[in-house]
Peer 1: 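Take a look at this one; I'll ask things after.
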Amino acid sequence: MCGIVGYVGPKQATPILMEGLRRMEYRGYDSAGVAIINGDGVKVKKAAGKLSVLVEKLRTETPRGTVGIGHTRWATHGAPTTPNAHPHLDRSGKIAVIHNGIIENAPVIKKALQNRGHVFKSETDTEVLAHLIGAYYEGNLEQAVAAALWDVAGAYGIAVISADEPDVLVAARNGSPLLVGVGEGEYFVASDASAILEHTRSVVYLDDGEMVVLTRDGYRVRNLTETHVEKPVNQIEWDLATIERGGFAHFMLKEIFEQPESLHNTVRGHLLEEEGSARLRGLNLSDEDYKRINRVIITACGTSWHAGLIGEYIFEEMARVPCEVEYASEFRYRNPIVDENTLVIAVSQSGETADTLAAVREAKRRGARTIGLVNVVGSTIAREVQGGLYLRAGPEIGVASTKAFNSQVAALAMVALKMARLRSLSLLQGRQFIEALQALPAQIAKVLERAPEVEKLADRFAEAHNALYLGRGVNFPVALEGALKLKEISYIHAEGYPAAEMKHGPIALIDENMPVVFIAPRDAVYAKIVSNIEEVKARGGKVIAIVTEGDSEIGRLAEAVFTIPPTHDLLTPILASVPLQLFAYYVAVRRGCNVDQPRNLAKSVTVE
Ligand code: G6P
């Protein structure tokens, strides 16, 4: 979703801002722009479409200046046109604003300003904010921004510059991520660390209600009431190489191939082989706490929600604790029943998803224990939960989540293991589970070696218009995730179902043009799924099956089979999802789709 970058320092700002925007392209956007303090004015360049369009515009005239702001916009209010692109100017044309989020009372403020003669050039809430700041401006940008923010309701991350104060950049956050980059004699703001990583790894994460004033001499954080806030400077651990493609055609492919390592990193240091349990200090839960918990609620969105569904099977099966999985967007607006014995687990790659964050806040408000399984260090959810576990999967740039998904499943499995060992799981069962977890990285590597087989398969099915994914038990969520991967990046309509539910509807769709992907490892429901495959076969459907090595039965029914190594039943989703990720990837590539930045999708959904 929208990206913000800002610069104050000795260098030319435009190239730094453009590079920052390029690094944030993965978040998803549909227009882009920059504003630079240039001589005694503010020069704005913006364009609908991809960054390349803006680059073309800048070729004819690159604004010169050493203070500026840049933005990639993911349209919410108003179509993705050039007039709606950010930055927006105030009435004087001297103040420029970029904004992530939604100003909910913009229509009311707009009306009031129009009554005072303001004329607007765009349909955006951001232009309203720019005019409001301009209306408050009396020679001090910091004060004008603070005054305007008192009037607005909604979510924002903003960065503002003014031609009248050419050495100042003011930024603020309320509900949309924002950080300050602290360089040597230069300062940055960004919504995403990747935008500034080339220049500095020292960052200050802003919290809601905070503002920062950057000048050439330093930065100062305050809140809206003008109270100074002392903030720690954090060091980002990863470097530029980890957010570059490193020889892979796409980030998504690179991230799929990183899974042996990312999964190893997720479990590293957490597994207690002797005790058959897990050490998860960051969760801030005592053994007594684990025993007291009588209900687990996993809340998340998108792919993370699918990981949560797998978690539900693991929690209930191993820890024998009732577990529900709820879309965060539903949880936050219901009247959920939680108390101090409910453990609410927020699962999020970005740690910034607006609905998941709101669900965490709602759960906390009601007295539940909240923990987060989050990938991005320092993200808002990671900071707001009472305890947490970082996934350590490394930066995920491809919009379609792959390695983070499997790390989420592994993280959920470790929490379930820890809880299970304090309740119902024997030492030997615990040790077996750990052994299986530890074997996964090498097993994934084996699966990945056979990527060319999946590529061939994708060639055969790339022209399909629909696809059905079916699985049972813990592999039902894998079916959902496989279908989601395919539709996200290849735009083929795909649905995931529990295999037995097929008879209650989707079976009507099956014909000889419909690929049906079965996740059919040798587990407790194997015989049942073989019957379901027969049913599809009988209707002429083309079956692709993910089966366990050594399976000889399904091969005679399926058009194509792909084998995965045997593992603990509850961990098959981690292995089975890998060929499905590859399948979606290769199909999308065959269809000429933009794999890393699929249309309309955003990597980090910071608005509801
Ligand atoms: C977006 C992304 C998905 C992701 C979902 C939840 O829709 O495109 O890949 O699964 O948000 O994001 P989170 O960062 O909370 O895991």
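Source: prediction; values computed, not measured.
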Peer 1: In the structure I gave you, are the side-chain heavy atoms of I36 and T62 within less than 4.5 Å of one another anywhere?
Peer 2: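 Counting from C-beta outward, I36 and T62 never come under 4.5 Å.
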Peer 1: Can you name the ring pair (Phe, Tyr, Trp, His ring centres under 6.0 Å) partners of H264, sequence neighbours left out?
Peer 2: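 Result, ring pair (Phe, Tyr, Trp, His ring centres under 6.0 Å) vs H264: none returned.
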Peer 1: Please confirm whether the backbone N or O of N600 pairs with a side-chain atom of W74, one donor and one acceptor, at under 3.5 Å?
Peer 2: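 Here the side-chain-to-backbone pair exists.
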Peer 1: When rounded to the nearest 0.5 angstrom, what distance separates CD1 in I546 from CG in L580?
Peer 2: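 If we round to the nearest 0.5 Å, I546:CD1 and L580:CG are 4.5 Å apart.
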Peer 1: Going by salt bridge (Lys or Arg N to Asp or Glu O under 4.0 Å), name the residues that satisfy it together with R268, two or more places apart in sequence or in a different chain.
Peer 2: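 Salt bridge (Lys or Arg N to Asp or Glu O under 4.0 Å) check on R268 returns nothing, list empty.
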Peer 1: Between Q581 and E255, is there a side-chain donor-acceptor contact under 3.5 Å, judged purely by atom types and distance?
Peer 2: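 No donor-acceptor contact under 3.5 Å links the two side chains.
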Peer 1: Could you tell me whether R220 and E230 make a salt bridge, using a distance below 4.0 angstrom between a side-chain N and a carboxylate O?
Peer 2: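 Salt bridge between R220 and E230, a charged N being under 4.0 Å from a carboxylate O: no.
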Peer 1: Hydrogens and angles aside, do S401 and E396 bring a side-chain donor and acceptor to less than 3.5 Å of each other?
Peer 2: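 Yes - a donor-acceptor pair under 3.5 Å links their side chains.
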Peer 1: Could you pull out all donor-acceptor pairs under 3.5 Å where a side-chain atom in residues 169-179 meets a protein atom, sequence neighbours excluded?
Peer 2:
| residue | atom | partner | partner atom | Å |
| --- | --- | --- | --- | --- |
| R173 | NE | D208 | OD1 | 2.8 |
| R173 | NH1 | L206 | O | 3.4 |
| R173 | NH1 | T380 | OG1 | 3.2 |
| R173 | NH2 | D208 | OD1 | 2.9 |
| R173 | NH2 | T380 | OG1 | 3.2 |
| N174 | ND2 | G154 | O | 3.2 |
| S176 | OG | N100 | O | 3.4 |

Peer 1: Which residues pass the salt bridge (Lys or Arg N to Asp or Glu O under 4.0 Å) test with E273, sequence neighbours left out?
Peer 2: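 Listed in chain order: nothing, the list is empty.
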Peer 1: Please tell me whether E352 and S379 have a donor and an acceptor in their side chains that are separated by less than 3.5 angstrom.
Peer 2: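 Judged by distance alone, the side chains do not pair up.
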Peer 1: Does anything in residues 399-413 pair up under salt bridge (charged side-chain N to carboxylate O under 4.0 Å, His left out), and if so which pairs, sequence neighbours excluded?
Peer 2: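 Non-adjacent pairs meeting salt bridge (charged side-chain N to carboxylate O under 4.0 Å, His left out): E258-K403.
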Peer 1: Please list all pairs meeting side-chain hydrogen bond (donor to acceptor under 3.5 Å, both in side chains) that have one or both residues in residues 186-197, counting only residues at least two apart or in different chains.
Peer 2: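 Sorted result for residues 186-197: Y7-E186, K11-E186, Y26-D192, R27-D192, D192-S194.
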Peer 1: When the ring centroid of H306 is compared with that of F405, is the distance short of 6.0 Å?
Peer 2: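 Here the rings of F405 and H306 have centres that are no less than 6.0 Å from each other.
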Peer 1: Under 3.5 Å, is there a donor-acceptor pair between the side chain of R392 and the main chain of N265?
Peer 2: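 Indeed, once roles are kept as given, a pair shorter than 3.5 Å links the two residues.
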Peer 1: Begin from the C-alpha positions of T72 and E25 and carry the test side chain to side chain donor-acceptor pair (under 3.5 Å) through to its verdict.
Peer 2: CA-CA 8 Å; T72 45; E25 276 194 290; over 6 Å; no
Peer 1: How about T126 and I98: do any of their side-chain heavy atoms sit closer than 4.5 Å?
Peer 2: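 Heavy-atom side-chain distance check fails, nothing below 4.5 Å.
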Peer 1: Take Q235 and S202 through the side chain to side chain donor-acceptor pair (under 3.5 Å) test and state the conclusion after the steps.
Peer 2: CA-CA 5 Å; Q235 294 301 317; S202 304; 3.0 Å; yes
Peer 1: Any side-chain to backbone donor/acceptor pair from Q12 onto G65? Under 3.5 Å, distance only.
Peer 2: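 Such a contact is found between Q12 side chain and G65 backbone.
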Peer 1: Counting only N and O atoms by type, is there a donor-acceptor contact under 3.5 Å from the side chain of K254 to the main-chain atoms of G246?
Peer 2: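 No; zero donor-acceptor contacts below 3.5 Å.
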Peer 1: Nearest 0.5 angstrom please: S304 OG to L373 CG, how far?
Peer 2: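 Reported to 0.5 Å precision, the distance equals 9.5 Å.
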Peer 1: List the atom of C323, the atom of F315, and the distance in Å for their closest heavy-atom pair.
Peer 2: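 Closest heavy-atom pair between C323 and F315: CB-CB, 4.0 Å.
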Peer 1: Checking the side chain of K45 only, and the main-chain atoms of A35 only, is there a donor and an acceptor separated by less than 3.5 Å?
Peer 2: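 Between the backbone of A35 and the side chain of K45 there is no qualifying donor-acceptor contact (under 3.5 Å).
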Peer 1: Mind checking whether Y156 and H99 have ring centres under 6.0 Å apart?
Peer 2: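 Between H99 and Y156, which both carry aromatic rings, the centre distance is not below 6.0 Å.
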Peer 1: Are Q597 and K603 linked by a side-chain donor-acceptor pair shorter than 3.5 Å?
Peer 2: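 Distance-only check fails for Q597 and K603.
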Peer 1: If you measure only the distance, is there a donor-acceptor pair under 3.5 Å linking the side chains of S577 and E481?
Peer 2: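 The criterion, which ignores hydrogens and geometry beyond distance, is not satisfied for E481 and S577.
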Peer 1: How about L285 and M419: do any of their side-chain heavy atoms sit closer than 4.5 Å?
Peer 2: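 No; the side chains remain at least 4.5 Å from each other.
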Peer 1: Taking the side chain from D596 and the backbone from M252, do they hold a donor-acceptor pair closer than 3.5 Å?
Peer 2: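 Side chain of D596 to backbone of M252: a pair is present.
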Peer 1: Which distance, rounded to the nearest 0.5 Å, do you find between the CD1 of I345 and the OG1 of T299?
Peer 2: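 If I round to the nearest 0.5 Å, the distance is 10.5 Å.
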Peer 1: Quick one: do D30 and R599 make a salt bridge, cutoff under 4.0 Å?
Peer 2: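 The answer is no: the pair does not qualify as a salt bridge.
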Peer 1: Closer than 4.0 angstrom, basic N to acidic O: yes or no for K446 and E449?
Peer 2: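 No, K446 and E449 are not salt-bridged.
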Peer 1: Apply side-chain contact (heavy atoms from CB on, under 4.5 Å) to T66 and R216, showing your working.
Peer 2: CA-CA 10 Å; T66 55; R216 294 185 194 279; 3.0 Å; yes
Peer 1: Can you tell me if K487 uses its side chain to pair, donor with acceptor, with the backbone of A494 under 3.5 Å?
Peer 2: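 Checked: pair present.
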Peer 1: Would a 4.5 Å heavy-atom cut-off, applied to side chains only, mark P579 and V447 as touching?
Peer 2: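 The answer is yes, as the side chains (C-beta and beyond) meet within the 4.5 Å cut-off.
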Peer 1: State, without any angle test, whether N223 and E210 hold a side-chain donor-acceptor pair at a distance under 3.5 Å.
Peer 2: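 Short answer, no.
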Peer 1: Just checking, any donor-acceptor pair under 3.5 angstrom between side chains of N406 and S262?
Peer 2: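 Side-chain D/A pair, N406 to S262: absent.
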Peer 1: Does the ring centre of Y327 sit less than 6.0 Å away from the ring centre of W305?
Peer 2: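 Yes, the ring centres sit under 6.0 Å apart.
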Peer 1: Starting from the C-alpha separation in whole Å, work towards a yes-or-no answer on side-chain contact (heavy atoms from CB on, under 4.5 Å) for F433 and L571.
Peer 2: CA-CA 9 Å; F433 195 70; L571 295 174; 3.8 Å; yes
Peer 1: side-chain contact (heavy atoms from CB on, under 4.5 Å) between L240 and E244: does it pass, once the steps are laid out?
Peer 2: CA-CA 7 Å; L240 219 49; E244 284 175 345; 3.9 Å; yes
Peer 1: Between atom CZ of F257 and atom OG1 of T402, what is the distance when rounded to the nearest 0.5 Å?
Peer 2: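 The CZ atom of F257 sits 11.0 Å away from the OG1 atom of T402.
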Peer 1: Answer whether the closest heavy-atom distance between the side chains of V34 and L21 falls below 4.5 Å.
Peer 2: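 Result yes, sub-4.5 Å side-chain heavy-atom pair found.
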Peer 1: As an exercise, state the distance from NE2 of H568 to CD1 of I574, rounded to the nearest 0.5 Å.
Peer 2: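 With rounding to 0.5 Å, NE2 (H568) is 11.5 Å from CD1 (I574).
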Peer 1: Run the numbers on L58 and M18 for side-chain contact (heavy atoms from CB on, under 4.5 Å), then give the verdict.
Peer 2: CA-CA 10 Å; L58 289 170; M18 289 303 290; 3.6 Å; yes
Peer 1: With rounding to the nearest 0.5 angstrom, report the CD1 to CG distance, I310 to N475.
Peer 2: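 Result: 7.5 Å between the selected atoms.
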Peer 1: Check whether Y469 reaches the backbone of P477 with its side chain - one donor and one acceptor, N or O, closer than 3.5 Å.
Peer 2: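 Checking the backbone N and O of P477 against the side chain of Y469, no donor-acceptor pair under 3.5 Å is found.
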Peer 1: Has H88 got a side-chain atom pairing as donor or acceptor with A96's backbone, closer than 3.5 angstrom?
Peer 2: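 Between the backbone of A96 and the side chain of H88 there is no qualifying donor-acceptor contact (under 3.5 Å).
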Peer 1: Side-chain contact, heavy-atom cut-off 4.5 Å: Y586 with L253?
Peer 2: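 Side chain of Y586 against side chain of L253, heavy atoms only: contact under 4.5 Å found.
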Peer 1: Is there side-chain contact between L440 and L575, with at least one heavy-atom pair below 4.5 Å?
Peer 2: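 Result yes, sub-4.5 Å side-chain heavy-atom pair found.
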Peer 1: Please determine if E488 and K485 form a salt bridge, counting it only when a charged side-chain N lies under 4.0 Å from a carboxylate O.
Peer 2: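 Here E488 pairs with K485 in a salt bridge, since their nearest N and O are under 4.0 Å apart.
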Peer 1: Which atom names give the shortest non-hydrogen contact between G378 and R383, and what distance separates them?
Peer 2: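 Heavy-atom minimum between the residues: O-NE, 2.8 Å.
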Peer 1: Is any side-chain heavy atom of V360 less than 4.5 Å from a side-chain heavy atom of V344?
Peer 2: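 They are not in side-chain contact.
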Peer 1: Is there a side chain to side chain donor-acceptor pair (under 3.5 Å) between Q386 and N284? Walk through the geometry before answering.
Peer 2: CA-CA 7 Å; Q386 290 147 321; N284 296 329; over 6 Å; no
Peer 1: Do any N or O atoms from the side chain of R591 and from the backbone of S490 form a donor-acceptor pair under 3.5 angstrom?
Peer 2: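 Yes: the side chain of R591 pairs with the backbone of S490.
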